[in-house]
**Student:** 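Here it is, the structure in full.
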Amino acid sequence: MLRLFQKIILKISVIAAILHYGQATFAQRYNFKNYDIEDGLVQSQAQRIFQDSVHNLWISTFRGLSRLQTFKGLLRK
C-alpha cells in the first residue's frame, strides 16, 4: 500500500513540475507606457489608432492627429 501511495505522489509531482515549467516557458511579458498631454498627445482621449508599415502609431483625437514612433518612443503632433 505504501509503495502505491509513493507512485501516486511521484506521478502528481512530475505532472505539477511539467505544468509549472511549461507555463513559465510560454509566459509573455508586456511593457506598457501611458502617454498623455504632457508627453505631446494632442488630447487625452483617442478616437482611433492606426499602425502604418514602419510601425508608427497614428492616434486620432477630436483635437488633431498625433504620431508615435514606437521604436524611439517619440510622440509628434
Side-chain angles (χ1 to χ4, degrees):
M1 189 67 159
L2 182 61
R3 187 98 167 130
L4 179 63
F5 182 71
Q6 288 175 338
K7 285 184 179 180
I8 292 172
I9 294 298
L10 178 63
K11 287 180 182 180
I12 291 173
S13 298
V14 168
I15 290 170
I18 289 171
L19 290 175
H20 174 72
Y21 290 114
Q23 185 180 20
T25 56
F26 291 112
Q28 296 180 0
R29 296 186 181 228
Y30 296 100
N31 294 321
F32 292 95
K33 166 100 172 83
N34 292 325
Y35 291 95
D36 55 15
I37 297 170
E38 287 85 24
D39 295 314
L41 196 60
V42 178
Q43 186 181 1
S44 61
Q45 294 179 342
Q47 298 301 315
R48 302 265 191 267
I49 300 174
F50 174 76
Q51 184 176 13
D52 63 15
S53 61
V54 291
H55 303 288
N56 291 320
L57 289 179
W58 294 87
I59 305 160
S60 69
T61 67
F62 285 122
R63 292 189 179 178
L65 186 65
S66 298
R67 179 183 61 155
L68 174 64
Q69 294 175 312
T70 54
F71 292 116
K72 296 180 182 179
L74 297 175
L75 193 59
R76 306 273 187 220
K77 294 180 184 179

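All values reported here derive from a predicted model rather than from experimental measurement.
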**Student:** Of the non-hydrogen atoms in Y35 and L41, which two are nearest, and what is the gap between them?
**Tutor:**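 In terms of heavy atoms, the two residues are closest at O-CD2, 3.9 Å.
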**Student:** Applying side-chain contact (heavy atoms from CB on, under 4.5 Å) between S66 and each of V42, D39, L57, I49, report the one that passes.
**Tutor:**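 Among V42, D39, L57, I49, the one that satisfies the side-chain contact (heavy atoms from CB on, under 4.5 Å) with S66 is V42.
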**Student:** Which pair of heavy atoms, one from A46 and one from I59, lies closest together, and at what distance?
**Tutor:**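 That would be CB-CG2, 3.6 Å.
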**Student:** If you count every heavy atom of other residues, nucleotides or ligands that lies below 6.0 Å from D52 atom CG, does the total exceed 12?
**Tutor:**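 Counting other residues, nucleotides and ligands, CG of D52 exceeds 12 neighbours.
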**Student:** Of the options Q43, Q47, Q45, which is the one that meets R63 in a side-chain contact (heavy atoms from CB on, under 4.5 Å)?
**Tutor:**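 The residue from Q43, Q47, Q45 that satisfies side-chain contact (heavy atoms from CB on, under 4.5 Å) with R63 turns out to be Q43.
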